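The structure under discussion appears below in the form of structure tokens.
A, B, ... follow the sequence lines: proteins, then strands. Residue 1 opens every chain. Because the structure is predicted, anything quoted here is derived from the model rather than measured.
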2 protein chains.
Amino acid sequence: MTSLPSLLGDLDPTSDRAVFRQIADQLREAIDRGRFKEGEKLPSEAELVEHYGVSRMTVRNSFSILQGEGLVAAEHGKGVFVRPRPPVRRLASDRFARRHREQGKSAFIVEADAAGSHPQVDSLEVKEEKATQDISTRLGSVRRVLARRRRYLLDGRPVEFATSYLPLDIARGTQIAEPNPGPGGIYARLEELGHHLDHFEEEIRARMPSPSEVKTLRLASGVPVIHLIRTAFDTEGRPVEVCDTVMAADAYVLSYQLPAT
Amino acid sequence: MTSLPSLLGDLDPTSDRAVFRQIADQLREAIDRGRFKEGEKLPSEAELVEHYGVSRMTVRNSFSILQGEGLVAAEHGKGVFVRPRPPVRRLASDRFARRHREQGKSAFIVEADAAGSHPQVDSLEVKEEKATQDISTRLGSVRRVLARRRRYLLDGRPVEFATSYLPLDIARGTQIAEPNPGPGGIYARLEELGHHLDHFEEEIRARMPSPSEVKTLRLASGVPVIHLIRTAFDTEGRPVEVCDTVMAADAYVLSYQLPAT
DNA sequence: CAGGCATACTCGTATAGACGAGTGGGCAAG
DNA sequence: CTTGCCCACTCGTCTATACGAGTATGCCTG
């Protein structure tokens, strides 16, 4: 065990590239080439210290680069491991089509079942509250809204956190204000209430998570979030719902179909 | 200058939260509350060492957390600054509509001009090459493809890097294989060649950038990329182009309209 | 054989010090 | 006044050391 297998090369002392970057480069390349496979343990800090003849902080700096890239994850007491690329969940753009709604189950549950995963919905909160500036603008200057918060899990792993906002004059006193909105979800209820849906607008951003998002989604470091804001419009052009969704980016691929007209 | 303005509190020695995290928390909160504004300089490492009575590495650890979150950026010799949230570029889902194409200018140029920014296209490369497994699959098992690579800049800042892949039997010898594809871009040429476009499929992922992406997009640390793969289908259902796009996530909001049918 | 403990190995946190390198301002020489 | 140098301040990199805490293993004891 004195010398690491020839998986890793030597440092170039003449290079102006910082040592900890050189080490990170070599590890990254070894991972990319499959020398270290998904879930596999990297050499320990001590082994790399020995192999490269550098101090421990330097090795740790290298690891922290790779963590920032989402390539590896450290586990206290065990080692540093190559992060598995988790199976991703595809969100098709037609998931809110009326025909799906008519089957009664929510899009999330249906899709997860189809993929053979165990879906779960969590931390449901339904309450009236003051609209933020942004939500108010999107809903057309409403002051207070009904907020429906929930977290989605797949095989026990939280992957998505979503909040729906609805104007009180639409939602108050209806089943939409109940924890369980009934078959087909709130879109089905909206249509029953005479708010026939015309189209959705979706805005997509990606960014690094806030600490609270890291917590609720149990995100590894180096995993961004996809922030999706969907507004539902009825046939009169009125916005009837805004849904604010934060997704673990390593769990999702969004998919859209656009006409070429 | 002996004591920092009361912008920052004290450490809680009884807390089990690591000191460098407590410091990061305080700085983050101060930034969120606007105590430090966009572009403003944070206290220097030395000042924080003094204020909190910790070692320099501990302060640097705190900064590295905030950098990982994309909240701050260090500038060598100057200080650590609150990252400005750059103005974002919206990509509408109808940007490839035929009516836009008929005006002759590319979507990027038109949109940027409209937003009052100075657009630029860069590092153009057009060549035939072997298709990767993924591209080959998407294009329907083609072996070799025409690849068109280009980088887009906005007011001098690179924001997007894109590669279009086309089957050789469609593109070879046409103006599509020229550096300048002519007015309306390659979609206009495809239609002229009889490949009438029917629809597009877009796949969206978000992830941390690779080192080479950091370089070509000049990304600050803590900025994810949006990875968009668009496939264009003609009216016969044949995929005629795959466009692989990597965007700086802090420069873009994607926007889609979906029918509620 | 089963349970529990000791131990070695892992990463996490923190200190202290050293030198390098980029930036900007002030001062001195021309 | 202008030029150029020096210096103070900034972050970047690296070393060496120490202790804490989580994990796994194997041995020892009952």
(request) Identify whether the distance between the nearest side-chain nitrogen and carboxylate oxygen of B:Asp244 and B:Arg138 falls below 4.0 Å. (result) no
Might you point out which heavy atoms bring [X] and [Y] nearest each other, and give the distance in Å?
X: B:Glu40; Y: B:Arg35; result: OE2-O, 4.0 Å
X: B:Arg151; Y: B:Thr216; result: NH1-O, 2.7 Å
X: B:Lys37; Y: B:Val82; result: O-CB, 3.4 Å
X: A:Gly39; Y: A:Phe81; result: O-CD2, 3.4 Å

(message) Go nucleotide by nucleotide along DNA chain D from the 5' end; which of A:Arg21 and B:Lys78 gets its closest nucleotide reached first?
(response) B:Lys78
(message) Between B:His76 and A:Ala18, which residue's closest nucleotide on DNA chain D lies nearer the 5′ terminus?
(response) B:His76
(request) Under 4.0 Å between any heavy atoms, over every strand shown, what does B:Phe20 touch: base, sugar-phosphate, or nothing? Just pick one. (result) sugar-phosphate
(request) Describe the nucleic acid contact of A:Arg17 in one word from base, sugar-phosphate, nothing, applying a heavy-atom distance below 4.0 Å. (result) nothing
(request) Could you pull out all residues at least two apart from B:Arg28 that satisfy salt bridge (charged side-chain N to carboxylate O under 4.0 Å, His left out)? (result) B:Asp25, B:Glu69
(request) Shoot me the first and last contacting nucleotide of DNA chain D against chain A, ordered 5' to 3', at under 4.0 angstrom to non-hydrogen atoms. (result) D:dT13 to D:dA24
(request) Check whether more than 12 heavy atoms from other residues, nucleotides or ligands sit under 6.0 Å from atom NZ of A:Lys41, and answer yes or no. (result) yes
(message) What range of DNA chain C does chain A touch, first nucleotide to last, counting atoms under 4.0 Å from its heavy atoms?
(response) C:dT10 to C:dA14
(message) So if I apply the side chain to side chain donor-acceptor pair (under 3.5 Å) rule between B:His227 and each of B:Glu203, B:Arg207, B:Arg205, B:Glu213, which one comes out positive?
(response) B:Arg207
